[in-house]
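See structure below.
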Amino acid sequence: MKVLKFGGTSVGSIENIKSVKEIINDGDKKIVVLSAMSGTTNDLVKISEHIKNGAIETAVQDIENLAGKYEIVIDELFEVSELKQTVSNYIDQVFEYLIGLTSEKHTEFLYNKIVSQGELMSTFMFTKYLIQDGINARLLPALDFMRIDKSNEPDDFYIKQNLNRIIDESLPADIYITQGFICLDAYGNIANLQRGGSDYTATIIGAVIEAAEVQIWTDIDGMHNNDPRIVDNTHAISNLSFDEAAELAYFGAKILHPQTVMPAREANIPVRLKSTIEPTSHGTLISQDTDGGGIKAIAAKDNITAIKIKSARMLLAHGFLKKVFEIFEKYETSIDMITTSEIAVSLTIDNDTNLNAIVEELKKFSIVEVDKNQSIICLVGNEVVKHHETHRLFQVLQDISVRMISYGGSNNNISLLVNTNDKNLALKHLNKYVFDFATA
Ligand SMILES: Nc1ncnc2c1ncn2[C@@H]1O[C@H](COP(=O)(O)OP(=O)(O)O)[C@@H](O)[C@H]1O
Ligand SMILES: N[C@@H](CC(=O)OP(=O)(O)O)C(=O)O
């Protein structure tokens, strides 16, 4: 069985919802993972923010506006009045529930309850829409099987047991629909896999059911060699290894959630990125195969903070780095990049939650400088550090001030740290030097 994930853009309009139906209705049994309609999760996040800020009237107004949008979608999708009524009742209940939540105290738990509603709505509507067309579709509620453990890792054993049980117990179907993104935490509270997490849901499910393939369907024909929103003339990459794709996803290629590749790599399940707009195009196949060498793609990750730690005494004195790392470990903050010199160590983090506490502790034995608004630019390719063309990327040093370079941490990745204001220019110039050097 295959697992197909359709993102917010693919279920974001009536036209796209219809295309998704055509794509999945090919007679093969499958599990379909859906995101919320595009824009909905952002709207729900805003509603949660308003509640947090005590702006209850604005929250209610936003809920009503969102309800209005869903009314239009239901009206256009459903012709059979009984189904239309069932879906309307369900969606009305969701919005009444949201209104009810506006009088609650804001907590992370409340946020999680609010943001989970997008996927609950999209999957309910879509299942009924397939049924209207005579398709044997069945909804598998993600909250009945998808769970993370105390370390926020997928609880594979629980997921496998419960998903198989639910499929076995329900009437046979050709197409099973489930929600991406949402899950339960180890204590049974509603939680999620972080923004963009539906991709991750798809590979978690793919791994536990040992799927033949996981397909991530979106609005672009695969992973491009650079960010198409910033750089012109990018192209889709036909094949990526799991390691290459994982580096690109982790370092910001928006098309894939950072953790998506992990379950697929562990279970050796190919992942194909496909376009709902051009369903017949090859897309990008991510598998254990590696091909060729040199830089295949460039990605960038924003909201990075650089921390320079200068030692009062000699830096590489025995135990100095241990002391530094222990502080980051204590505050559960992972380090992305690191470079050292005789007198200082520079490193980056992408989570500022405990920055002040970390800096205070570091200051006890060093001089600390913090630079916010940095971006990591990551160049990825099999054996990229050894390739004879790789040196071209360093031409970017003549155009842009590069704060840090990480080379050789893995054979597949070279990373540069630049000020976010220089990111777009850096991506464009790197594109020219690396992929377009004949005209550079
Ligand atoms: N390297 C890249 N390759 C392809 N798309 C990318 C890349 N970097 C950024 N994107 C953007 O990611 C978008 C698709 O991701 P996303 O918004 O998560 O889709 P969905 O809503 O289907 O989950 C594309 O429209 C594209 O603009
Ligand atoms: N609704 C979630 C989950 C998701 O994965 O969305 P998308 O597939 O559109 O990136 C979000 O917006 O974060």
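When reading the values below, keep in mind they use all heavy atoms of this one structure, side chains included, and skip hydrogens, waters and symmetry mates.
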Do [X] and [Y] touch side chain to side chain, with heavy atoms closer than 4.5 Å?
X	Y	value
Ile205	Phe145	yes
His429	Leu393	no
Ser366	Lys310	no
Thr178	Ile31	yes
Ile216	Lys274	no
Ile14	Leu77	yes
Val261	Leu256	yes
Leu120	Tyr90	yes

Is a donor from one side chain sitting under 3.5 angstrom from an acceptor on the other, for Glu247 and Asn412? no
Pair Thr353-Asn351, side-chain donor/acceptor within less than 3.5 Å: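 Checked: Thr353/Asn351 side chains pair up, N/O donor to acceptor below 3.5 Å.
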Looking at [X] and [Y], would you say the former's side chain and the latter's main chain have a donor-acceptor pair under 3.5 Å?
X	Y	value
Asn373	Thr420	no
Lys29	Ala173	yes
Asn419	Asp422	no
Thr333	Tyr331	yes
Thr284	Met223	yes
Asp302	Ser375	no
Thr127	Thr123	yes
Asn164	Lys160	yes
Glu210	Gly206	no
Asn239	Thr290	no

Ionic contact status for [Y] with [X], cut-off 4.0 Å:
X	Y	answer
Lys428	Asp232	no
Glu383	Lys386	yes
Lys330	Glu326	no
Arg165	Glu169	yes
Asp28	Lys2	no
Glu49	Lys46	no
Asp371	Arg403	yes

For [X] against [Y], the heavy-atom pair lying closest together:
X	Y	result
Ser415	Met337	O-CE, 3.5 Å
Lys308	Ala344	CG-CB, 4.2 Å
Gly222	Ile255	O-CD1, 3.5 Å
Ile269	Ala207	CD1-CA, 3.6 Å
Glu119	Phe181	OE1-CD2, 3.4 Å
Thr234	Asn226	CG2-O, 3.6 Å

When the ring planes of Phe365 and Phe320 are compared, do they come out parallel, tilted or perpendicular, using 30° and 60° as the limits? perpendicular
Could you go step by step and tell me if Asp336 and Lys301 meet the salt bridge (charged side-chain N to carboxylate O under 4.0 Å, His left out) rule? CA-CA 11 Å; Asp336 280 336; Lys301 181 172 166 181; 3.3 Å; yes
Please check if the number of heavy atoms outside Asn136 that lie under 6.0 Å from its CG is greater than 12. yes
Kindly check if the number of other-residue, nucleotide or ligand heavy atoms within 6.0 Å of NZ (Lys423) is above 12?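 Enclosed.
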Considering only residues two or more places apart or on different chains, which pairs with a residue in residues 250-269 satisfy salt bridge (Lys or Arg N to Asp or Glu O under 4.0 Å)? Asp243-Arg265
Does Arg147 count as lying over the ring of Tyr158, i.e. NZ or CZ under 6.0 Å from the six-ring centre, within 45 degrees of the axis?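 Yes, Arg147 and Tyr158 form such a contact.
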Run the side chain to side chain contact (heavy atoms under 4.5 Å, CB included) test on Ile114 and Leu101 for me, step by step, so that the C-alpha distance in whole Å, both residues' side-chain angles and the decisive distance to 0.1 Å come before the verdict. CA-CA 8 Å; Ile114 294 173; Leu101 293 182; 3.7 Å; yes
Could you go step by step and tell me if Ile349 and Ile304 meet the side chain to side chain contact (heavy atoms under 4.5 Å, CB included) rule? CA-CA 6 Å; Ile349 57 173; Ile304 302 293; over 6 Å; no
Go through Glu389 and Arg392 one step at a time and tell me if the salt bridge (charged side-chain N to carboxylate O under 4.0 Å, His left out) criterion holds. CA-CA 6 Å; Glu389 297 286 6; Arg392 293 180 188 283; 2.6 Å; yes
Applying side chain to side chain contact (heavy atoms under 4.5 Å, CB included), run through Met125 and Met37 and close with a yes or a no. CA-CA 11 Å; Met125 284 196 316; Met37 294 182 78; 3.8 Å; yes
List for me each residue that meets side chain to side chain contact (heavy atoms under 4.5 Å, CB included) alongside Lys372, sequence neighbours excluded, and say none if there are none.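 Partners of Lys372 under the side chain to side chain contact (heavy atoms under 4.5 Å, CB included) test: Thr305, Asp352, Leu355, Val370.
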Side chain to side chain contact (heavy atoms under 4.5 Å, CB included) evaluation trace for Lys5 with Trp217: CA-CA 6 Å; Lys5 177 259 171 175; Trp217 289 78; over 6 Å; no
